[in-house]
Amino acid sequence: MGSNGEIRYSFSQSSQSVSNLFKIDSVTGEIAVNGQLDFENLKKYEFYAEATDSGGLKDTSKVYFEVTDINDNAPIISVISFSNPVPENSDPETVIAMLNVKDLDSGKNGIVKCYIPQSLPFKIKSTTPNYFSLVTDALLDREIISEYNITIIATDEGSPSFSSKKTLNLNISDINDNAPVFQRHSNIAYVIENNLPGISVLTVRAHDKDSGNNARVSYFLEDILVNGVSASTVMSVNAESGEIIAVRSFDYEQTKEFNIRVKAQDGGNPPLSSNVSIKIIIQDQNDNAPQVLYPVQSGGSVVAEIVPRSADVGYLVTKVVAVDVDSGQNAWLSYKLQKATDRALFEVGLQNGEIRTVRQVTDKDAVKQRLTVVVEDNGQPSRSATVNVNVALADSFPEVLSEFTDFTHDKEYNDKLTFYLVLALAVVSFLFIVSIIAILSVKCYRWRRERMFYKSEANLPVIPYYPQLYADVGDRNITARVQL
Ligand code: CA
Ligand code: CA
Ligand code: CA
Ligand code: CA
Ligand code: CA
Ligand code: CA
């Protein structure tokens, strides 16, 4: 062969550009990779190799390489669109974001799947290759979760596979889907009567689970009728604080309780509202003194209770009857003897107001007895009334008459009484004189008749005559009340 048979290999002049990627053994002609191949950059290489002998003769041959892909690229997620925030009332399948995922590899190495690893009310839908949409998968509720961090993972199908992730921060915007809710469904407020107008009675509070204006609660008094009048003339409500204020003073004796309704309304559009019923209970104050119904104290007459001198111990003289328009302790009455002509003769029942004798009446006791009974309620402080009770210890009516001429202290009244007494005495005297005259007339008539009989017919019968008025005079029921 000789030196002409020695062959050397090289890249041809036109293919020097590949010499940084490939090398060729000049003796053996073996071609090896000398640099970094990248399928994603260039998939095929074509160049020429030369064989040259020592005599300078050469030949060229085309060399052809194909680069095979390996999975050396992770998917790349890019967000095309993102609706943030999304309203809480969005329907399922509402699109939140559009994503594009690229993988530079080929075949399975470049086929990408997207998913959400957490359990969230969202899902990924594939629309066209490499395009994905993030959609809602359930109903949202801002009042439960107001913000989501949604991690999206894209994985290729290479082996081993590459994956990458992207996290979207999604806010849920509020919709006015909650009405204000009162802390208590029913309320009772107590107001002591005779209150000053403008006092605070109760504060109601309602909570709204929404946010912002949708949760801003205002309070209003519902215009219902309260005992026939508009509620607003009785109570008012502070729109911001929910404080309920009494507009006027209450009288327990007129109104014991009533109901009002308060509405809580949010600032949403349209607004939502709810209402609550409030029972206002007026509490009694001891603002009324007892009133004595019996014995009657006014008017132009003196009332006296007549007690026979023969009355036993414990004889019921009379009963003081009183009422108190307050209630409870404020109307719980007790009766006490405040003054008496003779304290040892009478007692008053503490609870029932019954006046009874406590000892036997004696001849020494004055006919005229005057008792002052005080009727007191049990309020704090207590109020009282007094009543005068006139008692006559007498067995007959004239005895009473003679004594009861000065039972009143009122001058005018006394004069009136004196007039009636004089009138009564005049009538009685007149009747007495008429009776005497009548009797004398009868006696005289009979005497004359007798004398005439003796003179003429001695045995004629005698018919007695009594005037009607005289025959009626007798005892009266002395235990009865006497009114003059
Ligand atoms: Ca890949
Ligand atoms: Ca690759
Ligand atoms: Ca609301
Ligand atoms: Ca809401
Ligand atoms: Ca009262
Ligand atoms: Ca009272």
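Start at 1 and go down the list; that is how both ligands and their atoms are numbered. Position 1 is the first residue of the sequence; numbering continues from there. For the numbers below, each heavy atom of this structure counts, side chains included, while hydrogens, waters and symmetry mates do not.
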| request: Any chance you could measure Asn238, atom CG, to Ser218, atom OG, to the nearest 0.5 Å? | output: 10.0 Å

| How many degrees, to 10°, between Asp208 OD1 and Asp266 OD2 as seen from the Ca ion (ligand 3)? | 130°

| message | Listing by chain and number, which protein N, O or S atoms are under 3.0 Å from the Ca ion (ligand 4)? | response | Glu88 OE2, Glu143 OE1, Glu143 OE2, Asp174 OD1, Ile175 O, Asp177 OD1, Asp210 OD1

| note | Under 3.0 Å from the Ca ion (ligand 6), protein N/O/S atoms total 7

| Under 3.5 Å: donor-acceptor pair, side chain of Thr136, backbone of Asp91 | yes

| Between the side chain of Asn178 and the main-chain N/O of Asp208, is any donor-acceptor distance below 3.5 Å? | no

| field | Salt bridge Asp342-Arg370, side-chain N to carboxylate O under 4.0 Å | value | no

| said: Once rounded to the nearest 0.5 Å, what's the spacing between atom CD1 of Ile281 and atom OG1 of Thr255? | reply: 13.0 Å

| Does Asp312 use its side chain to pair, donor to acceptor, with the backbone of Tyr315 at less than 3.5 Å? | no

| Whether Tyr219 and Phe182 hold their rings parallel, tilted or perpendicular, with breakpoints at 30° and 60° | tilted

| Can you check whether Phe258 and Phe250 have ring centres sitting under 6.0 Å from each other? | yes

| query | Distance from Asn149 atom CG to Thr167 atom OG1, nearest 0.5 Å? | reply | 7.0 Å

| request: Check the side chains of Asn214 and Asp174 for a donor-acceptor pair under 3.5 angstrom, ignoring hydrogens and angles. | output: yes

